A.B. asks: 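The structure is given below, and queries will be raised subsequently.
Residue numbering restarts at 1 for every chain, and letters A, B, ... go by the order of the sequence lines. These numbers come from a predicted model, not from an experiment.
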There are 4 protein chains.
Amino acid sequence: MQYTGTAANIVRAAETLFAEQGFTETTVRQITARADVNLAAVNYHFGSKKGLIQAVAEKFLGPLCQNIEQVLDQRMAASDKTISLEELLEMLMRALLGVNQNNDHALSVFMRLLDLAYMKHQEDLRDFLIERYGSRVQTFIAMIRKDAAPMEDDEFFWRLHFLLGSITFTLSNFHTLNAIERREFESGAEVERILHRMIPVLTAGLQARADRVYFCRI
Amino acid sequence: MQYTGTAANIVRAAETLFAEQGFTETTVRQITARADVNLAAVNYHFGSKKGLIQAVAEKFLGPLCQNIEQVLDQRMAASDKTISLEELLEMLMRALLGVNQNNDHALSVFMRLLDLAYMKHQEDLRDFLIERYGSRVQTFIAMIRKDAAPMEDDEFFWRLHFLLGSITFTLSNFHTLNAIERREFESGAEVERILHRMIPVLTAGLQARADRVYFCRI
Amino acid sequence: MQYTGTAANIVRAAETLFAEQGFTETTVRQITARADVNLAAVNYHFGSKKGLIQAVAEKFLGPLCQNIEQVLDQRMAASDKTISLEELLEMLMRALLGVNQNNDHALSVFMRLLDLAYMKHQEDLRDFLIERYGSRVQTFIAMIRKDAAPMEDDEFFWRLHFLLGSITFTLSNFHTLNAIERREFESGAEVERILHRMIPVLTAGLQARADRVYFCRI
Amino acid sequence: MQYTGTAANIVRAAETLFAEQGFTETTVRQITARADVNLAAVNYHFGSKKGLIQAVAEKFLGPLCQNIEQVLDQRMAASDKTISLEELLEMLMRALLGVNQNNDHALSVFMRLLDLAYMKHQEDLRDFLIERYGSRVQTFIAMIRKDAAPMEDDEFFWRLHFLLGSITFTLSNFHTLNAIERREFESGAEVERILHRMIPVLTAGLQARADRVYFCRI
DNA sequence: AATGAATGAGGGTTCATTCAT
DNA sequence: AATGAATGAACCCTCATTCAT
């Protein structure tokens, strides 16, 4: 399951660089140079650069889903059937933190991958993720909806992506945002604090009533 | 101010491709092929690919800032000094819509640019944007804070970026999200409707109280 | 004969840049930018970059030949038929200085042109120069031979080019050499002084006896 | 130390083309085509075109300096401390010939490199050569001065460059000069003969007294 | 007489990938 | 299992030149 030796070095180097620069902007040369391995090693071990990206993705997505499912099962077994939004989001955040435990860049890469998956010509990646993790994610999303404000399907669809945007943007660019905060306020927050801060904000967003009238195009 | 002829064709083609694929993934050859102009035209008119990206950026940022400032001035002159969050966000959304009026991809490109600006090694772009538009944006942000829940500076800083993430993610990937919605719900929403839907969500997020205790790393 | 207006500006700018960087390394853009004229002006006035180079060449070669011929005629008319090498070389140096009078870079360009003419694939330039100035130069060379040491035709041919090398190298790179001298000896010599210094050296070289045995390839 | 395989083919092809056309005029595509290797091979093996030029330079400069130093040491050890100018120049010429032994174009390239090094904006190359070979050359130059006519430092500086000009010009353009000689005298001299012919000329030039009065600018 | 716009050709360089060893 | 050498394709950019005005 876990990579060892050369392959592990490559994955480690790739995570850092993907997190800092994005996937396209990171070259195989940069990765192998940082991992201190041969240039051909990426293709040897992962078939292609795309293969490496998927490997990096799976390394986190698997444990993440597993973690959430396990905690959810425990919670469901223990008591009643409805779980509050705050609690659900806290589960999610804890799971994300777990992913981050071994590598500071893991979360950034993961979020960047989600960003990438929503780009126009990335059907391949999108399908890969949906096929692998789609159904497991749906369960969790269904739980969230139960405690959100009542709303139409499409309204919920969009709100979910507002929420997803908050998470991916903040975590993709955590390094930069942290640096800015450090410069402006002379103290920077850790990932866990930011994740925690999101909970009330996202909760409020999902529970807000949507009763306003539309404005018209000028 | 507005480009004409070849330069305009280039900008138009670039907007579409940048919106669909991102900046790095889009090549000068793709742009000039789509614009049906010579390969060298990009360098002739914009100096470099980077120059073209900045040109595309300024085309929207200028009018956007101007629009917001103007509306804000009118509103301030007309009546009292405090403006509700909903109203402020509606101003913002209307201004964004205005930017989008002539080109469906304008907003996506603009949001992608913001995304790019937060990447680690993009200090150049970051500085360019701050120098050009920093102070004008600050004014608007200050207004927002007045009607947000009372909170520390750093808390506000992060919430602002949660909000920014929602906007950039949704608009960057509007094309894809719209396609998904269309497929799943057999009806797709226009940009303006999505922008409007954000208002109560973002408002609730900024006004939510932040009184919860931290959870600890597991 | 003399260029005016735009054409003159172009020639002036070209001389400087050709002198500093050589012909290939100097671009039409650099020339027109420095001359503060339109990019197309070079082609408009001189047909092509090559045409400009020839124009620059003729501007100096014409007066140079004329000057030498005139002085030579006066001297021949005035007195005896044999003129010393020193005197002939002094005529040449004075003529070169005359060429340099209006533009510090004229000599460098001229010498660089001679250098260029000896390159393998520059038959065009070679033929152009020979056709235009070949016979006039031959007369002067014949005078030189009269006061040189007695030697075979081929020996004289090579010595003449040793001499030519000294002149072209020193004057092509006068700017750099002057800067080095200035740095090392804290005083730099003017072109005229250098030209004068060459006379005894070149004279001695042409008058040296060539009576040594060959060495063998190791 | 010596290149093998593809790298050697590249160097060989580059030497010929550089000798014939100069550095700027020679394209990487020409080099790789002639060497019958992939276009990217130059960058793979030498980093850049500039890197290739330096590699070509070092291939000759190293052995050249070593050769001269070795011969000089032997000569110094064997007998008295003063060596005649003729003998010193013969050492130099033999060393140059040694460099030329394996490749007819080696000398031309080397001389063209020296020419290039004296151009205005080539400080990089100049510094590279000085740093690498400056001190070793100084020793030899000091020996030359001992048997030259007594003169001021600056006078010697210029005479040395008159001499350098003779050598670089003749050898840079040996191919062309040889062709001309062949056409005009129906027999061409080999490099070694030309090098030998230079010795008395250069010796006379360095030993000539510099006692003439200056002429004035007309 | 002069120019802004545009272009075809070609420049050096870099990419992910392959293959013989 | 791993690598040094090599490559085809594509990158952005710059060149001298042309053409309509």
A.B. asks: According to the Watson-Crick and G-U wobble definition with distances under 3.5 Å, which dot-bracket string, read 5' to 3', encodes DNA chain E, using [ ] for crossing pairs and | for pairs with another strand?
C.D. replies: .||||||||||||||||||||

A.B. asks: Can you tell if the side chain of C/His121 reaches within under 4.5 Å of the side chain of D/Glu25, non-hydrogen atoms only?
C.D. replies: no

A.B. asks: Can you tell me the distance, in whole Å, between the CD1 atom of B/Ile53 and the C1' atom of F/dC12?
C.D. replies: 12 Å

A.B. asks: Between D/Val56 and D/Leu113, is any pair of side-chain heavy atoms under 4.5 Å apart?
C.D. replies: no

A.B. asks: Show me the pairs that pass ring pair (Phe, Tyr, Trp, His ring centres under 6.0 Å) and involve residues 16-57 of chain D, at least two apart or across chains.
C.D. replies: D/Tyr3-D/Phe46, D/Phe18-D/Phe23

A.B. asks: Identify the two heavy atoms, one from C/His105 and one from C/Ala19, that lie closest to each other, and give their separation to 0.1 Å.
C.D. replies: CB-CB, 3.6 Å

A.B. asks: Between C1' on F/dT17 and CD1 on C/Ile31, what's the gap in Å once rounded to a whole number?
C.D. replies: 14 Å

A.B. asks: Between atom CZ in B/Phe46 and atom P in E/dA5, what is the gap in whole Å?
C.D. replies: 11 Å

A.B. asks: Can a side chain N or O of B/Thr6 be found less than 4.0 Å away from OP1 or OP2 on E/dA6?
C.D. replies: yes

A.B. asks: I want to check one thing: is the phosphate of F/dA1, taken as OP1 and OP2, less than 4.0 Å away from some side-chain N or O of A/His45?
C.D. replies: no

A.B. asks: Nearest-Å distance, CD1 (A/Ile10) to C1' (F/dA1)?
C.D. replies: 12 Å

A.B. asks: As an exercise, state the distance from CZ of B/Arg112 to OG of B/Ser172, rounded to the nearest 0.5 Å.
C.D. replies: 5.0 Å

A.B. asks: Using 0.5 Å steps for rounding, measure from the CG atom of D/Leu17 to the CD1 atom of D/Ile31.
C.D. replies: 6.0 Å

A.B. asks: Could you check C/Val37, C/Asn38, C/Val11, C/Thr32 and say which one makes a side chain to side chain contact (heavy atoms under 4.5 Å, CB included) with C/Thr6?
C.D. replies: C/Val37

A.B. asks: Is any side-chain heavy atom of C/Leu116 closer than 4.5 Å to a side-chain heavy atom of C/Met119?
C.D. replies: yes

A.B. asks: Please give, in whole Å, the distance from E/dC15 P to B/Glu25 CD?
C.D. replies: 15 Å

A.B. asks: Can you give one letter per nucleotide of nucleotides 8-14 of chain E, going 5' to 3': B for a protein heavy atom under 4.0 Å from the base, S for sugar-phosphate only, - for none?
C.D. replies: B-BBBBB

